[in-house]
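What follows is one structure encoded as structure tokens, with my remarks underneath.
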Amino acid sequence: MQMPSTTSLYTYWNTIRGSRSAPDRRDIDPTRIRDALANTFILELDEHDKFSFRLAGSHLCTSYCRELKGRSFSALWHDRDSDAMETLIRAVTEDHAVALVTFQGSTALQTRVNFETILMPLRHNGSTHTRILGAMTALEEPYWLGVQPVLEQRITGLRLIWPDEISAGDTVREVMSSVVNDVHYAHSAPAALPTTIYGRTARRYAHLAVIDGGRN
């Protein structure tokens with residue numbers, strides 16, 4: 001996690017969930033995430049079985065030069081990344097993983113900026129299938145950000161974090177086979193190589209890494 005807002009929100013989420021796979025929506029206290037609030041969002045499942053913004057922070061809306069509440073989150077992604085994003089969302093809502101994604105946003109003038117976003121399961125009415133808590137933060141702030149709206153975004157990297165030591169093999173293979181930014185991913189998932197990231201065991205698939213287990 002590169003950005004303070006990402007780390008802050010993840011730490012808060014992990015603290016309030018306790019021994020549960022995900023905290024309840026009612027557990028969220030905005031005053032405890034003031035530093036991350038402007039970059040924070042909540043997604044909800046809409047009538048088309050896609051995720052839309054239920055809430056979106058002011059910095060996030062500024063980056064897109066529009067109010068995001070009620071707009072489709074799924075529609076933000078390039079068509080070639082839509083399958084990978086849907087698989088990531090299922091890993092979050094069904095398997096209770098945390099998805100950490102970096103992506104490049106581009107404007108109509110083909111100016112580009114890199115973002116980091118995190119997606120975490122959130123319980124609502126007893127289910128984790130209809131809400132997601134997240135943050136999205138620009139890794140740099142070019143002078144035009146907030147003037148030229150981000151119109152298209154492509155995944156550049158991702159990690160799945162499994163806070164409760166859950167085996168991620170099948171989900172990882174499905175995600176990797178869906179990520180087609182690199183032509184080597186187009187037909188089959190790449191082989192995993194063991195590695196260590198920030199002192200944690202992980203499996204690396206080219207530039208993508210999956211962190212194994214660990215609640216801290």
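- Residue pairs satisfying the side-chain hydrogen bond (donor to acceptor under 3.5 Å, both in side chains) criterion with at least one member in residues 128-139, sequence neighbours excluded, are listed as follows: S5-T137, H96-T128, H124-R131, S127-H129.
- Under the 4.5 Å side-chain criterion, counting only non-hydrogen atoms from C-beta, T117 is in contact with F41.
- Under a 3.5 Å cut-off, the side chain of R20 and the backbone N or O of P23 do not form any donor-acceptor pair.
- Applying the salt bridge (Lys or Arg N to Asp or Glu O under 4.0 Å) definition to pairs two or more places apart or across chains, none involves residues 97-126.
- Under the 4.5 Å side-chain criterion, counting only non-hydrogen atoms from C-beta, W13 is in contact with P121.
- Sorted by first and then second residue, the pairs that involve residues 54-74 and meet salt bridge (Lys or Arg N to Asp or Glu O under 4.0 Å), not counting sequence neighbours, are E44-R54.
- Every residue meeting the side chain to side chain donor-acceptor pair (under 3.5 Å) condition with Y64, not counting sequence neighbours, appears here in chain and number order: Q153.
- Checked by atom type and distance alone, the side chain of S8 never pairs as donor or acceptor with a backbone atom of P4 at under 3.5 Å.
- Take F115 and apply the ring pair (Phe, Tyr, Trp, His ring centres under 6.0 Å) test, not counting sequence neighbours, and it matches F103.
- Within the 4.5 Å cutoff, the side chain of K50 has heavy atoms near those of the E86 side chain.
- Counting only distance, with no hydrogens or angles, the side chain of N14 and the backbone of T11 share no donor-acceptor pair below 3.5 Å.
- For the salt bridge (Lys or Arg N to Asp or Glu O under 4.0 Å) condition, no pair includes a residue of residues 132-147, sequence neighbours left out.
- Remark: R34 engages no residue in a salt bridge (charged side-chain N to carboxylate O under 4.0 Å, His left out) (not counting sequence neighbours).
- Neither V98 nor M3 shares a network with the other; the hydrophobic side chains, linked directly or stepwise wherever heavy atoms of I, L, V, M, F, W or Y lie under 4.5 Å apart, form separate groups for each.
- Not counting sequence neighbours, the partners of D46 by the side chain to side chain donor-acceptor pair (under 3.5 Å) test are S52.
- To the nearest 0.5 Å, the span separating OG1 on T7 from CG on L100 amounts to 9.0 Å.
- Connection of L68 to V101 is established within a shared hydrophobic cluster, with ILVMFWY side chains joined at heavy-atom distances below 4.5 Å, either directly or through further cluster members.
- In this structure, the side chains of L9 and I33 come closer than 4.5 Å at one or more pairs of heavy atoms.
- With side-chain heavy atoms closer than 4.5 Å counting as contact, directly or through intermediates, L109 stands alone and belongs to no larger hydrophobic cluster.
- Looking at M85 and L119, their side chains come closer than 4.5 Å, going by heavy atoms from C-beta outward.
- Not counting sequence neighbours, the partners of T93 by the side chain to side chain contact (heavy atoms under 4.5 Å, CB included) test are F51, I89, I132.
- Using a 4.5 Å heavy-atom threshold, the side chains of Q2 and L139 count as touching.
- The minimum heavy-atom distance linking A36 with T40 is given by the pair O-OG1, 2.7 Å.
- Screening residues 142-151 for side-chain hydrogen bond (donor to acceptor under 3.5 Å, both in side chains) gives T107-Q148, T111-Q148 as the qualifying pairs, with residues at least two apart or on separate chains.
- Shown here are the side chain to side chain donor-acceptor pair (under 3.5 Å) partners of T102, two or more places apart in sequence or in another chain: T156.
- Both I161 and I118 are part of a single hydrophobic cluster, where members link through side-chain heavy atoms under 4.5 Å apart.
- With hydrogens and angles disregarded, a donor-acceptor distance shorter than 3.5 Å links the side chain of Y12 to the backbone of D29.
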